[in-house]
Structure formats: C-alpha cells, structure tokens
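One structure is given below, encoded as structure tokens.
Throughout, protein chains are lettered first and strands after them, A, B, ... in sequence-line order, and every chain is numbered starting at 1. All values below were derived from every heavy atom in this structure, side-chain atoms included, with hydrogens, water molecules and symmetry-related copies excluded.
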Amino acid sequence: MPSPVTLTLNGESRAFAAPADGPLSVQGLLVLLELDTRKVAVERNEEIVPRSRYAETWLTSGDSLEIVHFIGGG
Amino acid sequence: MDGHIAGEDTWTVAGRTFRSRLIVGTGRYKDLEETGAAIEASGADIVTVAVRRVNLSDPKAPMLQDYVDPKKYTYLPNTAGCFTAREAVRTLRLAREAGGWNLVKLEVLGPAPLLYPDMQGTFEAAAELIKDGFEVMVYCADDPLAAKRLEDMGCVAIMPLGAPIGSGLGLQNPAMLSMIKENITVPFLVDAGVGTASDAAIAMELGCDAVLLNSAIAHAKNPILMAQAMKHAVAAGRLAYLAGRMPRRMGADPSSPLSGLIR
C-alpha cells in the first residue's frame, strides 16, 4: 500500500491516501474534497495551477496548496 | 451587458461598456439571499467580490455565484485585506484563474483603523499586474500626483476614496476629487466613504463616471430600499452633472417678477 500524501491545505496539514493506480493529482484531490472545479482556483507552492492542468499536476508530501473561491466583498 | 448601446448614457472601462454607474460590493450582508436581492435592486452591472480560502470542512456550502449570477453581473475581483503588493498580486492571479477575468480592482491597504491606501504598495502591485496582462481599476489616495502616475502606468480606472472604507462619512474631499478628475482621462470613480444616497449624488455631480460602494447599502437598516435609493441617487447626480448646475451667488435673486405687484 502506498504511503499517504501529507499536504498543507489552506494552512492546515492533511493526509490523503494515494490512489492505487498512481500518484495523487490536483484533480484527484479536488474530487476527494468534493469541490466543484469550476468554482475554485488552486495554487501549489505559490504557483497557480491552471485548470487545464489539474489532471497532470501531481502532488507530493510537503506540498502547500491554497484553494480559493469568490465570496462577498466590497 | 457589454458592448455599445446607442443613444444611452453609458460609460466604458477597458473597452467594456456599462449602463449602470453604480458598482456595488457583495460583502457584509446578512446572508446570500439578501446579497442577491440588494444587488438586483441596485441595478448595478458590476459587482466587487473577494477571493478567500474555501471552507474545506463544508464544501457544499452555498456559494456567491448561486445568488449573484456571473453571467448577469460582471465580477470585479478585489484585493481587500491585502497589505502588501505581493499579497495583492497573488490574490488577483488566483481570481483570474477562478473566474477567467482580467478586469480587477486593486487595493493595497495600510493598517487599521484607517485602512488608508498604501500608495507605495499600490504602485508596485499595479506595475506587476499590468505587466502580467491585467486591466487594473485602482483604489487610491486622493492625491493628484499619485492618481496621474497610476493613469500613466496604464491603470484603466482611478478610484480615490471619499472617506475611509466602511466609514460612511460621506465625501470629505469634494474639491480635491474634482481637481484630480480634471487631470485624468480614464474613468474616475469614488470608491469609499459613501454613507447615504446624497453622498453618491454628490460624487456624480462632481463628474465621476461611476461610484463604488458596499457598506452604505449592506449596513442600512433596510438594504434593499437603500439599494434602490443609491440607484436613483447615482442617476440623479449624473443628470445634474450633465445638466450643469446654476451658478452660486451670495444673495437672493427672486424667481417671481418684481413688477406688477399690488400696492
């Protein structure tokens, strides 16, 4: 069994089981988190991850991610 | 709503044309339903939005887009809460990815309690964003030199404050705002300080292209009614500006003839 992937997500440390068929992608993570990919944006280690590259952006332990969306603001 | 409308009093920023001259924020409402209703009542075409971390423990929570349709309103992402150029640039890069929009509102703030525009940080962020292809509507101090410099850098709208953010004090600097406007050719907006309808009308009478406000509606006792009031105030102020006010005179000038009086 592959070792879990430990990520810092929005400032909090979280561990995820890596999928059986390969490394965890941003796409895979968003599915695990039940987030609508059309309404969020993702930054990995302070670099924007374009939506078109979610499926091919692999995550490794120690990565820091920010997942944001729009909220009310003035 | 975008594109030119013949025969109407529209305004254009960064090539996008709008009918309403009122831009409203979407923050500080009781709930998302009230947000949606107030924005509808305001008649605004553009709404400002903030970028924040998703609450990962509640991914199915209702989202702003469910109540304020991004197909109906132009979302203008802001950098509220950013105190450095780096934070502001990072926030707007995320906003562009989340929404696909490059028209943004830049604000780099100094510390509470004034949250006054930090112009050094604002210049740095504006330069970086413009280089990166953003169209920057910029919140700034009521400083004529700073405003001109931001325009020369390529900002698409200059938006000085009328009073501190959320203060509701009304325009404290109408003379300075009109002097700044004289030297600016891109759209000129008052961005903060409006407290009630007359303040918005005054901003428009000064010749502003539009007014941006949030708290004046959201913190009114009845936000929906105040949204309607703001809509009318902005329209009235605009008409008064176009009409051209009468000259002020020190003394009376009777409206009724002084001849033909009974004796």
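The side-chain heavy atoms of B/Pro160 and B/Val190, taken from C-beta on, include no pair separated by under 4.5 Å. Counting only heavy atoms from C-beta outward, the side chains of B/Tyr73 and B/Thr26 never approach each other to under 4.5 Å.
In this structure, the portions of B/Ala95 lying under 4.5 Å from any heavy atom of chain A include both its backbone and its side chain. Proximity to chain B (any heavy atom under 4.5 Å) is shown, for A/Leu33, by both the backbone and the side chain. Interface remark: B/Tyr67 contributes no atoms to any contact with chain A (heavy atom separation under 4.5 Å). Interface remark: B/Asp58 contributes no atoms to any contact with chain A (heavy atom separation under 4.5 Å). The part of A/Arg38 that comes within reach of chain B is its backbone (N, CA, C, O), which places non-hydrogen atoms under 4.5 angstrom from that chain.
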- prompt: Where do B/Leu161 and B/Ile165 land on the side-chain contact (heavy atoms from CB on, under 4.5 Å) test, with the steps shown first?
  reply: CA-CA 8 Å; B/Leu161 77 172; B/Ile165 293 170; over 6 Å; no

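Chain A forms the most heavy-atom pairs under 4.5 Å with one residue out of B/Val49, B/Ile23, B/Leu94, and that residue is B/Leu94. Between chain A and the residues B/Arg96, B/Gln65, B/Glu97, the most heavy-atom pairs under 4.5 angstrom are made by B/Glu97.
Using modelled atom types and a 3.5 Å distance limit, the side chains of B/Ser215 and B/Arg28 yield a donor-acceptor pair.
Looking at every heavy atom in both residues, A/His69 comes nearest to A/Lys39 through CB-O, 3.3 Å.
B/Trp101 has its ring centre less than 6.0 Å from the ring centre of A/Phe70.
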